[in-house]
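Here is the structure we will look at.
The analysis underlying the following values was restricted to heavy atoms, covering all of them including side chains, and did not include hydrogens, waters or symmetry mates. One-based numbering, in listed order, for ligands and for the atoms of each.
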Amino acid sequence: MIPCLGIFDSGVGGFTVLNRVLERHRNISCLYLGDTARVPYGEKKPFQIRSIASEIVQWFRVQEVSAILVACNTTNSLAFDIVQDVADIPVMGLINSASATITEKRVGVLATSATVSSRAYKKHIEAIRPGTLVIEKACPELVPLIEAGHSSANSIQKIAYEYLQPLLDAQVEAIILGCSHYPLILPVLQQFVPEDVRIIDPAVAMACQLDSLLGQPEFSFQYPVLSSNTRFYVTSDPIGFATKATPLIGIRPEVELISLQPKACFF
Ligand code: DGL
């Protein structure tokens with residue numbers, strides 16, 4: 001039986017993880033869940049993020065996935081313990097994966113407000129490489145703009161530049177894209193980041209770490225990487241999501257609407 005991975009994010013950000021995983025591991029099936037009814041997660045309170053994570057993992061358990069990839073740094077920062085407890089199957093997160101690849105002494109992190117407030121990247125990196133300077137910058141305006149399809153608009157360029165400025169002023173040697181939506185604006189970010197500063201997409205390290213569960217990959221790159229073995233679910237607007245997904249994954253997916261929140265009881 002081929003392994004079935006559950007991958008989730010608040011919206012389209014998790015595609016950056018799905019793509020990296022399927023480029024490396026082709027012989028798997030995936031269930032992708034975008035919690036579109038509640039995007040963005042990054043401005044929510046920790047208790048909300050934890051409660052949402054629990055609902056999502058319970059749903060994946062019913063689907064009988066064999067492992068869960070937390071394709072959302074915000075959930076990874078604030079609710080990884082809950083995901084692990086409820087899942088009771090292997091769980092992988094982006095923060096551990098990315099932190100383990102750090103070799104630089106001065107590291108910048110772009111992330112959501114919730115991820116930055118949690119200091120999760122700083123704690124992980126400092127635990128693995130004591131003495132590393134980690135500077136985190138919250139970018140609250142990016143996810144709503146990316147979800148609205150403005151990934152290359154002038155407005156996003158100006159905002160991206162403002163968010164990068166404190167990291168560049170601090171002369172960081174690497175910048176972690178600490179929100180899975182941000183690799184979708186990589187060309188915008190690259191314009192402002194000097195070539196000798198490494199831009200890190202945590203999904204690359206996560207896809208490699210998956211080898212421990214799935215075995216060594218065969219490296220037979222083909223595009224699009226998606227096959228009929230990937231199914232898509234959202235908590236609102238399946239048609240809008242399919243439209244947004246098309247340029248990001250190379251095909252127009254069929255998207256199923258699901259409900260995660262407990263239903264009201266009328267008796
Ligand atoms: N893409 C997610 C992350 O990595 C969530 C962003 C959001 O919904 O604010 O943090």
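- Residues lining ligand 1 at a heavy-atom distance below 4.0 Å are given as D9, S10, V39, P40, Y41, G42, C72, N73, T74, T112, V143, C179, S180, H181, ordered by chain and residue number.
- Using a 4.5 Å heavy-atom cutoff, the side chains of V39 and V143 are in contact.
- When the side-chain contact (heavy atoms from CB on, under 4.5 Å) test is applied to Q209, the partners found at least two apart in sequence or on another chain are M92, S97.
- Taking the ring centroids of F8 and W59, they lie at or beyond the 6.0 Å cut-off.
- Legend: residues meeting side-chain contact (heavy atoms from CB on, under 4.5 Å) with T101, ordered by chain and number and at least two apart, are R198, I200, A205.
- Under the side-chain contact (heavy atoms from CB on, under 4.5 Å) criterion, R38 pairs with D35, Y41, K44, I52, E55, L260, Q261, not counting sequence neighbours.
- Taking the six-membered ring for Trp and thresholds of 30 and 60 degrees, F15 and F232 have ring planes more than 60 degrees apart, a perpendicular arrangement.
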